[in-house]
Amino acid sequence: MAKKHPKQIKKENLAKRAAKLAEFERTKPSFIVSRPAPFFNALHTPATAYQQVENQTGYQHFLTEEDQKFLFEETPKTSVESNHMAAIDGLDEALKIEKTKVETLQKIVGLQNANAKAVQIWNVHQAIDWFKLKEGDTGSPEVQAAILTVRIHNLNSHLNQHRKDKHNYKQLRNMVHQRAKLLKYLKSKSAERYYKCLDGLGLEPRAVEGEITV
């Protein structure tokens with residue numbers, strides 16, 4: 001078998017290296033859009049929030065489960081008892097009237113009547129609930145990375161519809177780099193927490209490590 005010329009060997013090696021680099025670039029995950037993860041099923045877009053007429057799953061104004069129980073369950077009963085409506089119209093009729101009031105209030109504070117900003121604020125609070133390390137945690141790297149991810153997805157959706165919006169494009173790039181710095185810091189503190197956070201956010205390590213070009 002004829003021995004290959006050194007120049008031919010060099011040429012073949014360069015071709016292999018170029019092919020590997022091309023494959024690496026082709027399979028590079030998005031720096032912006034995460035892969036599907038359970039966390040994103042808890043979020044809303046203005047469109048999905050508007051469709052919540054029959055199945056209400058979120059409310060504006062940071063209403064907690066305790067707030068909802070107080071407003072929609074306890075208050076109607078207290079109202080019936082305090083104004084003696086049951087004695088006049090009967091308990092069932094009085095509660096029926098209060099139920100109508102509750103349904104009206106639920107529609108007013110429901111996400112289906114929220115604007116895009118209110119929906120994003122609700123999503124941010126969902127991010128805090130999903131990634132907090134303890135009650136009241138709003139500053140841990142996990143929570144901050146999750147909040148940035150919500151904002152990144154929201155802004156990316158806006159830019160897909162308004163491609164000439166240069167100002168927000170720059171803001172998107174800054175948020176992606178800011179998230180990468182937060183996650184790099186988290187990795188230096190705890191590799192376990194880092195990979196758990198990436199998994200929760202649907203991010204590949206390659207999407208937040210090394211050179212990021214947006």
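Computed from heavy atoms alone, side chains included, the values below leave out hydrogens, waters and symmetry copies.
- Take Asp199 and apply the salt bridge (Lys or Arg N to Asp or Glu O under 4.0 Å) test, not counting sequence neighbours, and it matches Arg35.
- At distances below 3.5 Å, at least one donor-acceptor pair connects side-chain atoms of Thr149 with backbone N or O atoms of Ala145.
- By the 4.5 Å heavy-atom criterion applied to side chains, Lys187 and Pro205 are not counted as neighbours.
- Thr138 approaches Val143 most closely through the heavy-atom pair O-CG1, 3.6 Å.
- Partner of Glu142 under the side-chain contact (heavy atoms from CB on, under 4.5 Å) criterion, chosen from Leu201, Leu186, Asp137, Ile128: Leu186.
- In this structure, CZ in Arg173 is found 13.0 Å from CD1 in Ile152, a value given to the nearest 0.5 Å.
- Residues that satisfy the side-chain contact (heavy atoms from CB on, under 4.5 Å) test with Lys117, not counting sequence neighbours, are Asn115, Ile121.
- Atom CG of residue Leu172 and atom NE2 of residue His167 lie 11.5 Å apart, to the nearest 0.5 angstrom.
- Side-chain heavy atoms closer than 4.5 Å link hydrophobic residues (I, L, V, M, F, W, Y) into clusters, and following such links, possibly through other members, connects Leu105 to Phe70.
- Shown here are the side-chain contact (heavy atoms from CB on, under 4.5 Å) partners of Thr100, two or more places apart in sequence or in another chain: there are none.
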message: One pair to check against side-chain contact (heavy atoms from CB on, under 4.5 Å): Asn123 and Asn154. What are the steps and the verdict?
response: CA-CA 10 Å; Asn123 285 338; Asn154 182 73; over 6 Å; no
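- In terms of the ring pair (Phe, Tyr, Trp, His ring centres under 6.0 Å) criterion, residue partners of Phe39 (sequence neighbours excluded) are, by chain and number, Trp130, Phe131.
- Take Asn160 and apply the side-chain contact (heavy atoms from CB on, under 4.5 Å) test, not counting sequence neighbours, and it matches Asn156, Arg163.
- Residues in residues 133-156 take part in these ring-ring contact (aromatic ring centres under 6.0 Å, His included) pairs, two or more places apart or across chains: Phe40-His153.
- Note that CG of Leu43 is 7.0 Å distant from CH2 of Trp122, once rounded to the nearest 0.5 Å.
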- request: Could you check Arg179 against Arg151 for side-chain contact (heavy atoms from CB on, under 4.5 Å), going step by step and ending with a plain yes or no?
  value: CA-CA 11 Å; Arg179 181 179 64 183; Arg151 294 177 62 198; over 6 Å; no
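- Applying the salt bridge (Lys or Arg N to Asp or Glu O under 4.0 Å) criterion to Asp129, with sequence neighbours excluded, gives Lys132.
- Listed by chain and number, the residues in a side-chain contact (heavy atoms from CB on, under 4.5 Å) with Leu182 are Gln144, Leu148 (sequence neighbours excluded).
- A heavy-atom distance below 4.5 Å is not found between the side chains of Lys184 and Tyr194.
- One distance of note links CD of Glu209 with CG of Leu203; it measures 11.0 Å at 0.5 Å rounding.
- Shown here for Ala127 and Ala146, the closest heavy-atom pair between the two residues is CB-CB, 3.9 Å.
- With values rounded to the nearest 0.5 angstrom, Glu73 atom CD is found 14.0 Å from Glu98 atom CD.
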message: salt bridge (Lys or Arg N to Asp or Glu O under 4.0 Å), that's the test. Do Glu66 and Lys69 meet it? Break it down for me.
response: CA-CA 5 Å; Glu66 289 183 2; Lys69 184 177 180 181; over 6 Å; no
- request: Test Lys181 against Gln178 for side-chain contact (heavy atoms from CB on, under 4.5 Å), laying out the working first.
  value: CA-CA 5 Å; Lys181 288 180 181 178; Gln178 186 181 350; 5.8 Å; no
- request: Apply side-chain contact (heavy atoms from CB on, under 4.5 Å) to the pair Val150 and Gln126, showing each step before the final yes or no.
  value: CA-CA 10 Å; Val150 167; Gln126 287 295 107; over 6 Å; no
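- Applying the salt bridge (Lys or Arg N to Asp or Glu O under 4.0 Å) test to every pair with at least one member in residues 36-47, sequence neighbours left out, gives no pairs at all.
- With rounding to the nearest 0.5 angstrom, the CD atom of Gln171 is 9.0 Å from the CG atom of Leu159.
- With sequence neighbours excluded, the residues that form a side chain to side chain donor-acceptor pair (under 3.5 Å) with Gln8 are Glu12.
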